[in-house]
Amino acid sequence: MGKIHVLSDAVANQIAAGEVVERPASVVKELLENSLDAGATRIKINIEAGGKKLIQVVDNGCGMVRDDAMLAFERHATSKLKTAQDLLSVQTLGFRGEALPSIGSVSRLRLETRSPDDATGTIVEINGGKIARVEEAGLPEGTSITVRDLFFNIPARKKFLKAENTELSHIASLVTHYALAHADKHFELHSATNAVLVAPPVAGPSERVFQIFGKEVLDQLIPLAATVPLDRVGLPQPPPWRREAEEDTVPADPGQLRLHGFVSKPEIQKLNRNSIFIFANGRLIRDRIVQHALTEAYRNIIPPTVYPVVLLFLEMPSAEIDVNVHPAKTEVRFRQQSVVHDFVRDSVRAALMKARPVPQFAAEIRAHPTAGQALTPGASGWDAPSSRPLSAVDSAAWRSVYEPAGGFALQPPSEAPMAERLQFDGGGIAVEANAAVPVARELKLRGIEAIPDYGCAPPLENTDSEPTLEALATLKPLGQIRNSFVLAVNEDGLWVVDQHVAHERVLFERILKQRAAQQVESQRMLMPMVVELTPAQHAVFAEIADELARNGFEAEPFGARSLAVKAAPAGVDAPAVEHLLHELLDQLSSEEQSLNLEKIRARIAASIACHAAIKVNMPLEQNKMEWLLAELSKTEHPMSCPHGRPVVLRYSVKDIQKAFKRI
Ligand code: ADP
Ligand code: MG
């Protein structure tokens with residue numbers, strides 16, 4: 001007798017469940033996607049015990065007639081496609097017909113549904129894959145699916161679930177991001193008695209971000225929108241002899257790639273990718289191509305080790321995207337990968353350049369890379385009470401959901417203790433140099449209100465606006481703080497420029513330009529300098545020797561373990577040359593991924609710039625400060641150094657007015 005047999009449906013479903021249902025959030029994802037596919041405009045989700053005890057999704061979608069309600073639990077039963085050909089043009093989020101049977105096989109599931117075509121609705125109950133009850137009932141239009149005791153029949157899987165709060169935070173993040181993708185729909189998420197998210201329909205994505213996260217987060221994001229026509233159809237076309245005659249004469253329109261969403265300003269830096277959300281045709285996906293494009297877009301704007309906050313919605317003809325490559329449908333394959341990659345990179349880069357954001361004092365002092373979750377609605381301490389939307393969320397509920405868990409969503413960095421110390425009450429201004437701050441704090445502390453103004457301080461014209469790059473060109477230097485920071489003023493306010501990083505940015509761009517034109521300036525050493533190398537450094541040197549030569553180094557092996565350096569890039573002092581070479585070779589040898597030439601060039605330029613730049617603790621004459629500010633204003637990206645640190649801080653007129661209680 002043969003050894004092979006066909007698995008029973010129950011076993012097959014549990015195997016499929018292993019792929020589709022990883023944790024409560026994956027159940028929510030499948031049910032939410034079904035509701036969206038059913039055309040729902042109102043979706044309410046109830047959770048108990050992080051979804052381990054109960055997950056309920058109620059929608060006002062098209063519902064199911066009685067026969068469909070039964071069929072839905074058959075494996076590969078779907079209303080969303082019929083033929084293999086349909087797979088090429090999937091418009092819905094689901095299409096594999098696996099979710100409901102999978103979820104039903106690992107829980108106690110109750111479906112209540114009514115289609116507008118039927119007078120009565122249907123209730124179906126499934127326990128661990130077995131149908132327990134089917135009956136008619138008077139029900140509202142739409143569908144409600146209740147999933148209790150997830151994994152009750154697979155103890156091994158149940159054991160792997162995380163703490164309730166962790167699971168809930170995954171669910172909250174997921175629902176939030178679907179709510180962001182569908183601003184025109186009503187979403188609610190409740191956990192026991194807590195309203196975690198209540199988001200009625202709004203006009204568009206910006207309104208949604210404001211509604212859920214508040215003004216501060218919205219202010220840290222740059223909106224993005226771009227379209228390009230595709231010049232061909234990604235799907236391979238049938239050979240000419242298989243084409244219909246009329247199709248031959250009318251070539252298909254390849255359509256367009258569209259993108260909208262938000263990317264964060266450079267001062268927002270996250271230690272992991274958890275704040276990057278990519279949607280392709282409405283589907284939340286993980287995608288390496290898009291991730292890579294984002295890294296490229298932020299190159300030299302933020303350090304290579306941190307990540308931005310991104311909400312990206314990509315839209316393209318369905319022929320351009322293969323959604324059938326992953327059971328949970330979270331991975332897709334773009335048929336024209338490099339077109340999508342370059343489009344994302346260039347659009348994001350262009351938006352970053354256009355916004356050329358200037359870090360503000362308060363934001364900078366708070367800004368530090370955060371590992372935790374981000375984009376948490378109503379994150380503590382960030383929002384002035386007036387900027388909190390009323391309708392969206394109970395921020396305490398959000399906090400209780402998000403705080404204990406390890407990392408999904410976006411959260412503005414919690415305030416550093418320093419910001420606390422420097423914070424100006426009420427105004428959110430954090431500047432130690434401002435003498436008004438301690439005074440005002442004192443008064444407030446002693447319960448004395450600031451002295452009212454009876455007209456001795458006539459209002460200033462309020463011309464405060466977002467500072468622009470042009471603004472830098474009008475800066476007048478006043479002097480230095482501790483020979484390290486240049487103080488300057490213009491109509492926009494008071495600026496503090498870090499002289500070292502400012503010069504670093506200037507040199508970095510200059511070196512890259514010179515390198516592109518093949519001529520990085522070099523200077524000869526009086527005597528060749530011998531630099532000892534470790535074997536690892538030596539190996540890297542052998543690889544990048546050519547590139548170093550083009551960057552102004554003249555160095556050759558000297559003995560087995562040393563280099564003789566005869567010339568170095570202009571501006572780098574002899575004693576710094578050795579340090580520079582060691583640092584660079586070490587950096588490149590510890591790099592995990594293979595570096596492409598472009599990255600190597602950027603690293604070399606950044607290192608040279610760092611070592612050649614004006615140092616801190618260095619007095620600068622007036623004309624040198626003027627020169628530095630003028631050069632900085634000519635750079636392409638003057639607001640952050642090649643390592644991602646801010647170059648300038650601005651204390652805006654508005655902040656000054658606020659501090660003096662003029663506004
Ligand atoms: P898929 O979404 O891949 O088609 P599912 O197992 O998730 O497979 O669902 C099976 C079918 O059940 C769907 O094709 C759809 O017709 C129906 N269905 C599921 N959920 C809903 C819902 N909330 N409203 C209406 N129909 C639904
Ligand atoms: Mg589905």
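Order of appearance sets the numbers: ligands from 1, and atoms from 1 within every ligand. Only this structure's heavy atoms are used, side chains among them; waters, hydrogens and symmetry mates stay out.
Residue Asp37 has no nitrogen or oxygen atom sitting less than 3.5 Å from a nitrogen or oxygen atom of ligand 1, judged on distance alone. Distances between N or O atoms of Gly97 and those of ligand 1 include at least one value under 3.5 Å. Here's the thing with Ala72: none of its N/O atoms is less than 3.5 angstrom from an N/O atom of ligand 1. The shortest N/O to N/O separation between Ser79 and ligand 1 falls below 3.5 Å. Checked against a 3.5 angstrom limit, the closest N/O atoms of Leu100 and ligand 1 fall inside it. In terms of polar-atom proximity, defined here as any N/O pair under 3.5 Å, Phe95 does make such a contact with ligand 1.
Contact annotation: for Ala99 versus ligand 1, heavy atoms closer than 4.0 Å belong to both the backbone and the side chain. Counting heavy atoms under 4.0 Å from ligand 1, residue Asp59 touches it through the side chain alone.
Evaluated for a side-chain contact (heavy atoms from CB on, under 4.5 Å) with Leu109, the options Val124, Leu150, Ile103 yield exactly one hit, Ile103.
Ion pairing of Glu125 with Arg108 is absent here, as no side-chain N (NZ or NE/NH1/NH2) approaches a carboxylate O to less than 4.0 Å.
Residues satisfying the ring pair (Phe, Tyr, Trp, His ring centres under 6.0 Å) criterion with Phe343, sequence neighbours excluded, are absent altogether. Legend: residues meeting ring pair (Phe, Tyr, Trp, His ring centres under 6.0 Å) with His186, ordered by chain and number and at least two apart, are absent.
What you find for Arg349 and Glu296 is that their closest heavy atoms are NH1-O, 4.0 Å.
Residue-ligand proximity: Gly61 is placed with every non-hydrogen atom at 4.0 Å or more from ligand 1.
Using a 4.0 Å cut-off to heavy atoms of Pro101, the atoms of ligand 1 that qualify are 6 (O).
Legend: protein N/O/S atoms lying under 2.8 Å from the Mg ion (ligand 2), waters omitted, number 1.
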May I have the list of side-chain donor-acceptor pairs in residues 64-73 shorter than 3.5 Å, sequence neighbours left out?
none

